Amino acid sequence: MEQTLSIIKPDAVKKNVIGKIIDRFESNGLKIVAMKKLALDKATAGNFYAIHKDRPFFNDLVEFMISGPVVVMVLEGKNAVKKNRELMGDTDPKKATKGTIRADFAESIDANAVHGSDSLENAKNEIAFFFSQTEIK
Ligand code: ADP
Ligand code: MG
């Protein structure tokens, strides 16, 4: 069993598709073992995406992530990290395979509906960034 971090980003929360996105996870063998809805502040969003701080899109990414509430979840299942990335689809929704979350619910590479950890090591760090062990059941 693996755990990975998922974030439903502000664009998808605004579109009222939290439930539809969660259904993709539950219907594909991923269990929600922790979840909270919150509004990120600039410092928290910047720290979370610190790995991208030198990329040209960093400021826009942080502004987007604080533009409205997000839903942060820990997903658990077999090969959860890879499974979640498959369900999400390509970073750019225009390149994402039909039937993936980003193809179906996202408009652009900036507003692309979901975040998912890209490795088991990053998943562990990202889960610890948002949740204490007692919040994961
Ligand atoms: P992913 O979310 O698929 O793991 P990255 O980790 O590469 O993608 O990038 C983090 C986020 O930064 C993306 O989800 C997207 O919102 C934004 N982003 C990535 N590349 C670009 C880009 N070229 N232009 C604008 N935003 C981008
Ligand atoms: Mg990434």
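When a residue number appears, it is its place in the shown sequence, counting from 1. Just so we're clear, the structure is a prediction, and the values are computed from it rather than from any experiment. For ligands, and for the atoms within them, numbers begin at 1 and follow the listed sequence.
A donor atom on one side chain and an acceptor atom on the other are found under 3.5 Å apart for Lys9 and Asn112. At a cut-off of 3.5 Å, with distance as the only test, a side-chain donor of Thr44 or Asp41 sits close to an acceptor on the other residue.
Contacts of Asp110 with ligand 1, taken as heavy-atom pairs under 4.0 Å, involve both backbone and side chain. Heavy atoms of Lys9 found under 4.0 angstrom from ligand 1 belong exclusively to the side chain. Under 4.0 Å from ligand 1, not a single heavy atom of Met65 appears.
Near Asn112, meaning under 4.0 Å from any of its heavy atoms, are these atoms of ligand 1: 13 (C), 14 (O), 15 (C), 16 (O).
Residue contacts with ligand 1: Tyr49 is placed with no nitrogen or oxygen under 3.5 Å of a nitrogen or oxygen of the ligand (distance criterion only).
Ionic pairing of Lys36 and Glu135 is present here: one or more N-O contacts between side-chain nitrogen and carboxylate oxygen are shorter than 4.0 angstrom. Under a 4.0 Å N-O distance rule, the pair Asp104/Arg24 qualifies as a salt bridge.
Distances from atom 8 (O) of ligand 1 to the heavy atoms of Ile109, Thr91, Asp118 show the closest one on Thr91. Closest heavy-atom approach to atom 2 (O) of ligand 1 among the candidates Arg102, Arg55, His115, Arg85: Arg102.
Of the protein's non-hydrogen atoms, Phe57 CZ, 3.4 Å is the one closest to atom 19 (C) of ligand 1. Looking only at protein heavy atoms, the nearest one to atom 6 (O) of ligand 1 is His52 NE2, 3.0 Å.
The side-chain hydrogen bond (donor to acceptor under 3.5 Å, both in side chains) with Gln3 is formed by just one residue from the set Glu126, Lys31, Glu76, Lys124; it is Glu76.
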Please tabulate, for side-chain N and O atoms in residues 55-65, each donor-acceptor pair with protein atoms closer than 3.5 Å (sequence neighbours left out).
| residue | atom | partner | partner atom | Å |
| --- | --- | --- | --- | --- |
| Arg55 | NH1 | His52 | ND1 | 3.2 |
| Glu63 | OE2 | Lys42 | NZ | 2.9 |

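The ring-ring contact (aromatic ring centres under 6.0 Å, His included) test applied to Phe25 returns no partner, not counting sequence neighbours.
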